[in-house]
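Report on one structure; see the data block that follows.
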Amino acid sequence: MTKKIIYTKNAPAPIGPYNQAVLIGNMLYTSGQIAINPVTNELVLDSIEKETKQVMENLKSVLEAADMGFEHVVKATIFIMNMNDFARINEVYASYFNEKTAPARETVQVSCLPKNVSIEISIIAIK
């Protein structure tokens with residue numbers, strides 16, 4: 001199988017030796033997304049809800065670049081700085097999925113994330 005690099009200007013450009021996503025066959029693996037607005041290149045840190053929404057919008061753009069949507073997501077990994085933010089994060093996250101067909105997921109509290117953000121999410125999708 002051939003590895004295809006997925007890139008869109010509608011999500012933050014990679015800032016290291018990685019890509020926004022890799023498509024192998026019908027499986028899409030995204031890099032972790034943080035709340036960088038791809039238009040302004042600024043972090044969206046006004047609230048955990050706005051930060052989570054920007055992360056999800058970045059993931060949406062990467063999915064769209066691969067001709068997919070959130071209905072194709074089979075696995076999500078969420079890294080958060082504060083587990084006390086879980087309910088507020090989950091409310092925004094849930095708005096992107098149909099609860100009956102939502103993907104498998106883990107949510108992990110970590111001690112530090114890139115650029116000192118509060119949340120990072122990566123996904124795996126299949127078409």
Please tell me whether Glu106 and Thr77 have a donor and an acceptor in their side chains that are separated by less than 3.5 angstrom.
yes
Sequence neighbours left out, what pairs pass ring-ring contact (aromatic ring centres under 6.0 Å, His included) with at least one residue falling in residues 3-30?
none
Strictly distance-based, threshold 3.5 Å: is any side-chain N or O of Asp46 a donor or acceptor partner for the main-chain N or O of Glu51?
no
Apply the side chain to side chain contact (heavy atoms under 4.5 Å, CB included) test between Ile34 and each candidate in Val44, Ile119, Leu43, Asn116; give the one that qualifies.
Leu43
Please report the closest heavy-atom contact between Thr8 and Gln20, naming both atoms and the distance.
N-OE1, 2.6 Å
Residues, nucleotides or ligands: over 12 heavy atoms within 6.0 Å of Lys127 NZ
yes
A side-chain contact here means heavy atoms from C-beta on lying under 4.5 Å apart; do Ile36 and Gln54 qualify?
no
Closest non-hydrogen contact found for Pro38 with Lys9 is CB-O, 3.8 Å
Shortest non-hydrogen contact from Val108 toward Met83:
C-CE, 4.3 Å
With rounding to the nearest 0.5 angstrom, report the CD to CG distance, Glu64 to Leu59.
11.0 Å
So does Lys75 have more than 12 non-hydrogen atoms from other groups sitting under 6.0 Å from NZ?
yes
Within a radius of less than 6.0 Å around CD of Glu49, do more than 12 heavy atoms belonging to other residues, nucleotides or ligands occur?
yes
A cation-pi test, strictly: NZ or CZ of Arg105 under 6.0 Å from the centre of the six-membered ring of Tyr93 and no more than 45 degrees from its axis. Yes or no?
yes
Could you check whether Glu57 pairs with Lys53 (Lys NZ or Arg NE/NH1/NH2 to Asp/Glu carboxylate O, under 4.0 Å)?
yes
Do Phe70 and Met56 come within less than 4.5 Å of each other through their side chains, counting heavy atoms only?
yes
To the nearest 0.5 Å, what is the distance between CZ on Phe86 and CD1 on Ile78?
7.0 Å
When you compare the side chain of Ile80 with that of Val110, does any pair of heavy atoms fall below 4.5 Å?
no
